[in-house]
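In this text the structure is predicted, and so the values were computed from the model without any measurement.
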Amino acid sequence: NNEAHGNSSLSQKALIALQSSQFKEAENLAKRVLKRRRNHSLANLIVAITVYKRTMHAFSSDVRSVLFGTIFGGDMNLRYARWSLEQTDTGLAKADKYLERASKDPKVSLILNLSGWQVDWNRNGRIDRGDKRLFQIEYDSEGKRLPDDDPRRSPTFRFDRGDVYWARAMLAFQRSFMNILLAYDYQEIPIGKLLNGIDRGKLKNKSFILRLKDKKRMRQAKKLILQGLAYADRCRSEYLKEKDDDREWLPNPVQKDHPLPLPVDRQLYKTWQAVVGDLKRLVQGKEGLSVSSVAQLGDHQWENPPGGYINIGGFLNNPGDIVLNFSHMRQFNESKSRKDAEQVLRDLFGKNYSQRQRMKPSPILSRFLRMKNEIQRGEESFERKLRYLIWLN
């Protein structure tokens, strides 16, 4: 009993430190709890958050350093960029291990006001207006901007088990992106010249090859995407089982106490389940992207659209080099012809794009087309659709 009381006291001190933006103190206190009780859910959750914050804060600083170095130095430091991606992937994997332990407790919970954190997120040496607004809610349910002093801008959430799986899905998707970037060698691409606009006239007729460096990284990315989709489905299932109604991050259709001004109904949950299934089959290679359907999603409506299928599962499982042929791209941009579009697709996807192969077309494109039509009819804005997509991972 004394040990349990001590762990509870330490974990509450860690939570108070986290709520007060004292991330290092929160992590140290939570790790003291974990030394005594490895699976303490609140302590694991606190360490996961602090590790994630530190990892992504460092990554954002690295991205700025690389970009500034490229712009002012004329070339990209590829070795440093690759090191940063590797460190970020490692940090995200570490955070997920703590989330995994926390997810084992059906009653795991954490109360937190994200917008109350006082952090120099943009690393400009001070906590400015942008830092303070990073996690604020700026618009109400009708899309009207909230006044600066409106308390709805800074809500408190009660995160629970469903939200832990939401976070695990987010980490898996972010790690998959890191691994896709790490799979390729960028030595042959004049990134510095492209970013600085140098010799673009000379580059427009050139072709460069993005060499596959590490096939295992692409297969790891595929594994992570499928894990992320499984976590997303588990998170949806956990939300639907919830009986409480207390400051929900993402509510189920019957919960009403949720600070984010985005309505949720049963149809949204059905669409969520369907899209996860669509994506899973795409990544597994059981379905493909119909190029003619993709082409008609844009503003340009084709009389004779390009044909064939893109095998996303094949691209992740058996990738190849990617050809950046600026001459072919320019030619397509000028002609908008089927022949030129198909040539660009062959450059980019190689054997994973085929004009002859028949695949079962993914229904996800019909869902995107429905969204596009709703936006065009003024039923919902693109910005609002985007908010839903981000909110649902």
Side-chain angles (χ1 to χ4, degrees), residues 48 52 55-56 59 82 85-100 103 162-184 210 212-239 250 269 271-291 293-294 297 309-322 345 348-353 359-368 371 386 388-393:
Y52 180 77
T55 300
M56 295 309 290
F59 177 66
R82 181 170 292 278
L85 290 170
E86 290 170 347
Q87 292 298 305
T88 303
D89 181 49
T90 300
L92 295 179
K94 185 178 179 182
D96 186 59
K97 286 183 179 179
Y98 289 104
L99 287 178
E100 181 183 15
S103 69
D163 301 313
V164 175
Y165 281 105
W166 184 97
R168 295 197 72 189
M170 179 186 70
L171 262 63
F173 295 141
Q174 290 177 345
R175 288 190 63 206
S176 70
F177 179 66
M178 301 293 167
N179 277 271
I180 289 172
L181 290 177
L182 285 166
Y184 285 91
L210 198 57
L212 180 66
K213 182 181 178 73
D214 189 347
K215 185 181 287 189
K216 290 181 181 178
R217 285 281 186 182
M218 287 296 279
R219 291 179 177 171
Q220 173 71 352
K222 178 180 179 178
K223 179 182 177 181
L224 286 164
I225 293 171
L226 290 173
Q227 283 180 354
L229 292 171
Y231 295 146
D233 213 38
R234 177 65 184 271
C235 130
R236 180 188 59 81
S237 174
E238 290 290 336
Y239 287 148
L250 210 165
Y269 267 72
T271 301
W272 182 1
Q273 182 179 19
V275 168
V276 168
D278 293 344
L279 291 171
K280 182 178 178 181
R281 292 187 297 274
L282 264 178
V283 174
Q284 290 172 331
K286 294 179 179 179
E287 296 175 352
L289 287 179
S290 166
V291 173
S293 298
V294 173
L297 286 175
Y309 289 83
I310 298 173
N311 187 342
I312 300 297
F315 176 73
L316 291 167
N317 208 49
N318 290 296
D321 296 340
I322 296 174
L345 288 169
L348 296 175
F349 294 98
K351 61 187 177 184
N352 293 304
Y353 165 64
M359 296 187 73
K360 184 177 180 181
S362 172
I364 197 169
L365 295 175
S366 63
R367 302 186 204 282
F368 287 152
M371 292 180 194
L386 190 60
Y388 270 108
L389 287 172
I390 293 172
W391 193 28
L392 298 176
N393 255 328

Enquirer: Report yes if some heavy atom in the side chain of Val275 is under 4.5 Å from a heavy atom in the side chain of Ile364; otherwise report no.
Expert: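 Contact flag for Val275/Ile364 side chains = yes.
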
Enquirer: Restricting to non-hydrogen atoms, name the atom on Gln284 and the atom on Leu226 that form the minimum distance, rounded to 0.1 Å.
Expert: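 Closest heavy-atom pair between Gln284 and Leu226: CG-CD2, 4.0 Å.
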
Enquirer: Test Leu297 against Leu365 for side chain to side chain contact (heavy atoms under 4.5 Å, CB included), laying out the working first.
Expert: CA-CA 8 Å; Leu297 286 175; Leu365 295 175; 3.8 Å; yes

Enquirer: Take Leu348 and Phe315 through the side chain to side chain contact (heavy atoms under 4.5 Å, CB included) test and state the conclusion after the steps.
Expert: CA-CA 10 Å; Leu348 296 175; Phe315 176 73; over 6 Å; no

Enquirer: Could you check if a side-chain atom of Leu212 sits within less than 4.5 angstrom of a side-chain atom of Tyr184, using non-hydrogen atoms only?
Expert: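 Touching, per the 4.5 Å side-chain cut-off.
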
Enquirer: Given 3.5 Å as the limit, does a donor-acceptor pair link the side chain of Asn393 with the main chain of Trp166, or not?
Expert: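 A pair under 3.5 Å: yes.
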
Enquirer: Less than 4.5 Å apart, any side-chain heavy atom of Ile180 and any of Leu316?
Expert: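 Of all side-chain heavy-atom pairs linking Leu316 with Ile180, at least one is under 4.5 Å.
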
Enquirer: With side chains defined as the heavy atoms from C-beta onward, is the minimum distance between Pro363 and Glu287 less than 4.5 Å?
Expert: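 Contact flag for Pro363/Glu287 side chains = yes.
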
Enquirer: Can a donor-acceptor pair be found, under 3.5 Å and without considering hydrogens, that links the side chain of Thr90 to the backbone of Glu86?
Expert: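 Confirmed, Thr90 side chain pairs with Glu86 backbone.
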
Enquirer: What distance separates Gln273 CD from Ser237 OG, expressed to the nearest 0.5 Å?
Expert: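 These two atoms lie 9.0 Å from each other.
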
Enquirer: For Phe177, does the CZ atom sit with more than 12 other heavy atoms under 6.0 Å from it, leaving out its own atoms?
Expert: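 Not more than 12 within 6.0 Å, no.
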
Enquirer: Does anything in residues 162-171 pair up under salt bridge (Lys or Arg N to Asp or Glu O under 4.0 Å), and if so which pairs, sequence neighbours excluded?
Expert: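 Matches after skipping sequence neighbours: Asp96-Arg168.
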
Enquirer: Quick one: pull up CG in Asn318 and NZ in Lys351 and give me the separation to the nearest 0.5 Å.
Expert: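 It comes to 5.0 Å.
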
Enquirer: For a quick test of reading the model, state the closest non-hydrogen atom pair linking Gly228 to Ala169 and the distance between them.
Expert: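 So the two residues come closest at O-CB, 3.4 Å.
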
Enquirer: What do you reckon, is NZ of Lys97 surrounded by more than 12 foreign heavy atoms closer than 6.0 Å?
Expert: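 No, the 6.0 Å shell around NZ holds no more than 12 heavy atoms from other groups.
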
Enquirer: Quick one: CD1 on Ile310 to CG on Leu345, what's the gap to the nearest 0.5 Å?
Expert: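 So the CD1 of Ile310 and the CG of Leu345 are separated by 5.0 Å.
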
Enquirer: Rounded to the nearest 0.5 Å, how far apart are OG of Ser290 and NZ of Lys360?
Expert: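 Taking OG in Ser290 and NZ in Lys360, the distance rounds to 14.0 Å.
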
Enquirer: Holding to side-chain contact (heavy atoms from CB on, under 4.5 Å), I want the full list of residues that pass it with Leu392, two or more places apart in sequence or in another chain.
Expert: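 Scan of Leu392 (side-chain contact (heavy atoms from CB on, under 4.5 Å), adjacent residues dropped) gives Leu250, Leu268, Trp272.
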
Enquirer: Within the 4.5 Å heavy-atom criterion, are Tyr52 and Leu171 side-chain neighbours or not?
Expert: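 Touching, per the 4.5 Å side-chain cut-off.
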
Enquirer: How close do Asp89 and Arg217 get, heavy atom to heavy atom, and via which atoms?
Expert: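 Smallest heavy-atom distance, with atoms named: OD2-NH1, 3.5 Å.
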
Enquirer: Side chain of Asn179, backbone of Met218: donor and acceptor closer than 3.5 Å?
Expert: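 No, Asn179 side chain to Met218 backbone: no donor-acceptor pair under 3.5 Å.
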
Enquirer: Determine the minimum heavy-atom distance between Val164 and Ser103, stating which atoms define it.
Expert: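 Looking at all heavy atoms of both residues, the shortest contact is CG1-CB, 3.8 Å.
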
Enquirer: Of all heavy-atom pairs between Lys222 and Val283, which one has the smallest distance, and what is that distance?
Expert: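 Looking at all heavy atoms of both residues, the shortest contact is CE-O, 3.2 Å.
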
Enquirer: Would you check if the side chain of Arg219 reaches a backbone N or O of Asn317 as a donor-acceptor pair within less than 3.5 Å?
Expert: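 Yes, Arg219 side chain to Asn317 backbone: donor-acceptor pair under 3.5 Å.
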
Enquirer: How long is the gap from OH on Tyr353 to CG on Asn311, to the nearest 0.5 Å?
Expert: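 Result: 13.0 Å between the selected atoms.
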
Enquirer: Could you state the interatomic distance from CD1 (Ile225) to NZ (Lys280), rounded to the nearest 0.5 Å?
Expert: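 The distance works out to 14.0 Å.
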
Enquirer: Should the pair Tyr231 and Tyr165 be assigned to parallel (<30°), tilted (30 to 60°) or perpendicular (>60°) ring geometry?
Expert: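 Answer is tilted, since the angle falls between 30° and 60°.
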
Enquirer: Work out which heavy atom in Val276 is nearest to a heavy atom in Ala232; give both atom names and the distance.
Expert: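 So the two residues come closest at CG2-CB, 4.3 Å.
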
Enquirer: Between Met56 and Leu92, is there a side-chain heavy-atom distance shorter than 4.5 Å?
Expert: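 Yes, close enough: below the 4.5 Å cut-off.
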
